[in-house]
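Below, chains carry the letters A, B, ... as their sequence lines are ordered, and counting in each starts from 1.
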There are 2 protein chains.
Amino acid sequence: MPKDGQCPECSRINEVLHRVGDRWSVLIVISLAQYDVLRFNELKRHLGISQRMLSLTLRELERDGLVNRTYHPTIPPKVEYSLTELGQSFKEPVYALGKWALTHLPVIDEARAEYDAASNQAKTG
Amino acid sequence: MPKDGQCPECSRINEVLHRVGDRWSVLIVISLAQYDVLRFNELKRHLGISQRMLSLTLRELERDGLVNRTYHPTIPPKVEYSLTELGQSFKEPVYALGKWALTHLPVIDEARAEYDAASNQAKTG
DNA sequence: AGACCCGGTTACACAGAGGGAACCATCATG
DNA sequence: CATGATGGTTCCCTCTGTGTAACCGGGTCT
């Protein structure tokens, strides 16, 4: 961790982003937002996430109060995950980000291709 | 990288998040949004980022069309960075996320403390 | 000549993210 | 008894992210 001292807001944002802004957290929140309730293996199949990472990420999400874990002691066991209120509130900015991502990915790809072409030309020419 | 095949939207979002959701990109965008134009070393000082990471991240941001790089061949050299239109549009969801983060960080901390206390009690008791 | 400024780049090292596979516990089925 | 399903956990290994430190290159000041 660097000093981070310069811009206090930055480090706060960084903190939360680091916690909740990783790849899987966001995708899990999005999935739970869509389907309301999902079981462990449903999430696993839906996201193509490894069992290990799903378990880890869900626990962190639960710890942070974003996700509810409901354990049904049936045989075989059944565990359901859903968003808490906090998770629901997080859904909105995440959706905004997701929407932006989906909307602008083509533009980004284009910009990237252009940049690569230009720098390639610079190298060759 | 996993299969990612299950939920196509997820993998797209993941893709952009992976690109633009790292530690520094977001903070650079926020800083540039605030100050309009910043020089290399201004960013460096403001964020407390290492020279290497700043250089790397800025190049990626430029490559993705989010940031403009203006090189003034003066002595000593002067390089100015600013947001492109795309970068400006990215600013909004990022701000939404940042705002959520700042608002809910206390709640998260609280939830976390509660969770830790509970699991500690479970372990001890 | 040597030191300094700016904006980078390169070499090296370390921590953490993340995947894969095997193991666990429990009951049902064949 | 072996197998399967569910929801995890644990071990091991790799790959990436990130930091530190040193160097570059041109010009200016001393």
Side chain of [X] (C-beta onward), nearest among [options]:
X        : options                  : result
Met53(A) : dT18(D), dG19(C), dT6(D) : dG19(C)
Arg23(B) : dG19(D), dT9(C), dG18(C) : dG19(D)
Pro77(B) : dT9(C), dC6(C), dG19(D)  : dC6(C)
Gln51(B) : dG7(C), dC5(C), dG7(D)   : dG7(C)
Ile75(B) : dT28(D), dT9(C), dG7(C)  : dT28(D)
Arg52(B) : dC6(C), dG19(C), dA11(C) : dA11(C)

To the nearest angstrom, how far is [X] atom [atom1] from [N] atom [atom2]?
X        : N       : atom1 : atom2 : value
Leu58(B) : dT9(C)  : CG    : P     : 10 Å
Leu54(B) : dG17(D) : CG    : P     : 17 Å
Trp24(A) : dG18(C) : CH2   : P     : 8 Å
Asn41(A) : dA5(D)  : CG    : C1'   : 9 Å
Lys78(B) : dG25(D) : NZ    : P     : 25 Å
Lys44(A) : dA5(D)  : NZ    : P     : 11 Å
Leu56(B) : dA11(C) : CG    : C1'   : 14 Å
Arg45(B) : dC5(C)  : CZ    : P     : 11 Å

### Task
Give a yes or no answer on whether the side chain of Ser119(B) reaches the backbone of Tyr115(B) with a donor-acceptor pair at less than 3.5 Å.
yes

#### Entry: More than 12 heavy atoms from other groups under 6.0 Å of CD on Glu85(A)
no

### Message
Please check if the number of heavy atoms outside Gln88(B) that lie under 6.0 Å from its CD is greater than 12.
### Response
yes

### Query
Only one of Val67(A), Asp36(A), Leu66(A), Val37(A) clears side-chain contact (heavy atoms from CB on, under 4.5 Å) with Leu83(A); which?
Val67(A)

### Query
Looking at Glu62(A) and Arg59(A), does any basic side-chain N land under 4.0 Å from a carboxylate oxygen?
no

### Summary
When Asp22(A) and Glu42(B) are each assigned the nearest nucleotide of DNA chain C, the 5'-most assignment goes to Glu42(B)

### Query
Do the side-chain N or O atoms of Ser55(B) get closer than 4.0 angstrom to the phosphate oxygens (OP1, OP2) of dT9(C)?
yes

